[in-house]
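What follows is a single structure, written as structure tokens, with notes after it.
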Amino acid sequence: MKSEELFKVEQEEWIPEISLKNNFQLADIGLVAGVDIAYWSEGEADFGVCCIVVIDYISKQIIEEVEYYGQIDVPYIPGYLAFRELPLVKEAVKKLQSKPDLYMFDGNGYLHFRKMGIATHASFYLNKPTIGVAKSYLKIKDTDFDMPNNEVGSFTYIKVDGEIYGAALRTRKDVKPIFISCGNWIDLETSIIITLHFVENNSRLPITTRYADLATHESRKKYS
DNA sequence: GCGACAG
DNA sequence: ATCTTGTCGC
């Protein structure tokens with residue numbers, strides 16, 4: 001499916017259904033936050049720093065940036081990313097002065113073998129809609145994804161046992177797709193529209209996630 | 001035991 | 001995620 005078609009249905013006949021699935025109206029989205037974490041180690045101890053970058057949906061200007069770093073004592077286990085990263089995320093969120101209407105995570109939401117990736121898990125602490133934006137594919141029950149066409153905005157649904165878990169989205173031509181899934185209180189189509197809205201010409205990632213990623217790299221230099 | 005494996 | 005040089009391309 002192409003993004004132009006998505007926009008069309010989003011603004012026409014799908015609106016009633018969308019409004020049942022989202023707990024908000026797209027037009028009411030003002031501030032969107034990008035969340036990411038970078039790691040380093042000191043001897044035997046592992047440390048991480050979480051950065052949150054808040055961006056205005058319309059102007060795409062950065063409204064606020066916060067960071068929080070600390071020791072990490074939970075190992076990375078595929079499927080359990082939230083338990084490793086959320087402690088830092090929660091502390092970073094406490095430092096926010098602004099109130100984001102939506103959060104975008106580096107990782108999956110519903111596209112997860114227990115339908116509970118970090119984006120979904122985090123939503124219960126944030127009480128805000130969340131979107132999962134992953135750079136690589138987390139395979140669920142031997143389900144491979146279909147490669148979307150090589151055209152900006154093209155995507156393919158990822159179905160497991162007939163149920164849609166997420167989408168492989170081509171955000172830039174000639175560049176690998178990224179994997180979008182619902183975190184919570186938002187539907188997949190709206191998640192894709194918002195993601196594409198924040199993609200610019202220098203990265204396949206939306207600037208929310210991209211800026212948060214760059215910020216963590218800068219923060220790490222200070223602390224390590 | 002072997003392979004796969006978001007970040 | 002992180003360790004890292006050069007290199008191909010817009």
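Values reported hereafter were calculated over all heavy atoms of this structure, with side chains retained and with hydrogens, waters and symmetry mates removed. Below, chain A is the first sequence line, B the second, and so on; all start at residue 1.
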Atom-pair distance ([atom1] on [X]; [atom2] on [N]), nearest Å:
| X | N | atom1 | atom2 | value |
| --- | --- | --- | --- | --- |
| A:Phe145 | B:dA6 | CZ | P | 13 Å |
| A:Ile158 | B:dA6 | CD1 | P | 13 Å |
| A:Ile118 | B:dG7 | CD1 | P | 11 Å |
| A:Tyr80 | B:dA4 | OH | C1' | 15 Å |
| A:Ile180 | B:dA6 | CD1 | P | 16 Å |
| A:Lys115 | B:dA6 | NZ | C1' | 18 Å |
| A:Phe83 | B:dA6 | CZ | P | 17 Å |
| A:Leu81 | B:dG7 | CG | P | 8 Å |

Atom NZ of residue position A:Lys222 - does it have more than 12 heavy atoms of other residues, nucleotides or ligands inside 6.0 Å?
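Atom NZ in A:Lys222 is crowded, with more than 12 foreign heavy atoms closer than 6.0 Å.
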Determine whether more than 12 heavy atoms belonging to other residues, nucleotides or ligands lie under 6.0 Å from atom NZ of A:Lys159.
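No - once you tally the heavy atoms of other residues, nucleotides and ligands closer than 6.0 Å, there are 12 at most.
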Quick one: is the NZ or CZ of A:Lys90 closer than 6.0 Å to the six-membered ring centre of A:Tyr125, and within 45° of its axis?
yes
Assign the ring pair [X] / [Y] to parallel, tilted or perpendicular, where the plane angle (0 to 90°) is split at 30° and 60°.
| X | Y | result |
| --- | --- | --- |
| A:Trp185 | A:Phe124 | perpendicular |
| A:Phe47 | A:Trp40 | parallel |
| A:Tyr223 | A:Tyr69 | parallel |

Starting from A:Val133, can I reach A:Phe198 by hopping between I/L/V/M/F/W/Y residues whose side chains sit under 4.5 Å apart?
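Hydrophobic grouping puts A:Phe198 with A:Val133.
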Member of A:Tyr80, A:Tyr76, A:Tyr39 meeting the side-chain hydrogen bond (donor to acceptor under 3.5 Å, both in side chains) criterion with A:Glu85
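Exactly one pass, corresponding to A:Tyr39.
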Within the 6.0 Å centroid threshold, strictly below: A:His121 and A:Phe83
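Judged by ring-centre distance (under 6.0 Å), A:His121 and A:Phe83 do meet the cut-off.
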Under 4.0 angstrom between A:Tyr137 side-chain N/O and B:dA6 OP1 or OP2:
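For A:Tyr137, the contact criterion (side-chain N or O under 4.0 Å from OP1 or OP2 of B:dA6) is not met.
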Under 4.0 Å, heavy atoms only, any strand: does A:Gly79 hit a base, just the sugar-phosphate, or nothing?
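It contacts base atoms.
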Read 5' to 3' with Watson-Crick or G-U pairs under 3.5 Å, [ ] for crossing pairs and | for partners on another strand, DNA chain B gives .......
Close N/O contacts between protein and nucleotides 1-4 of chain C (under 3.5 Å):
| residue | atom | partner | partner atom | Å |
| --- | --- | --- | --- | --- |
| C:dA1 | OP2 | A:Lys135 | NZ | 2.9 |
| C:dT2 | OP1 | A:Arg220 | NH1 | 2.1 |
| C:dT2 | OP1 | A:Arg220 | NH2 | 3.3 |
| C:dT2 | O5' | A:Arg220 | NH1 | 3.3 |

Given the C1' atoms of B:dC5 and C:dT2, what is the spacing between them in whole Å?
16 Å
For nucleotides 5-10 of chain C, read 5' to 3', which letter fits each nucleotide if B means a protein heavy atom sits under 4.0 Å from the base, S means only the sugar-phosphate is that close, and - means neither?
------
Are any of the side-chain nitrogens in A:Lys95 or A:Glu64 under 4.0 Å away from the carboxylate oxygens of its partner?
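A salt bridge is absent here (no side-chain N lies under 4.0 Å from a carboxylate O).
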Does the pair A:Arg84/A:Asp73 count as a salt bridge with the N-to-O cut at 4.0 Å?
no
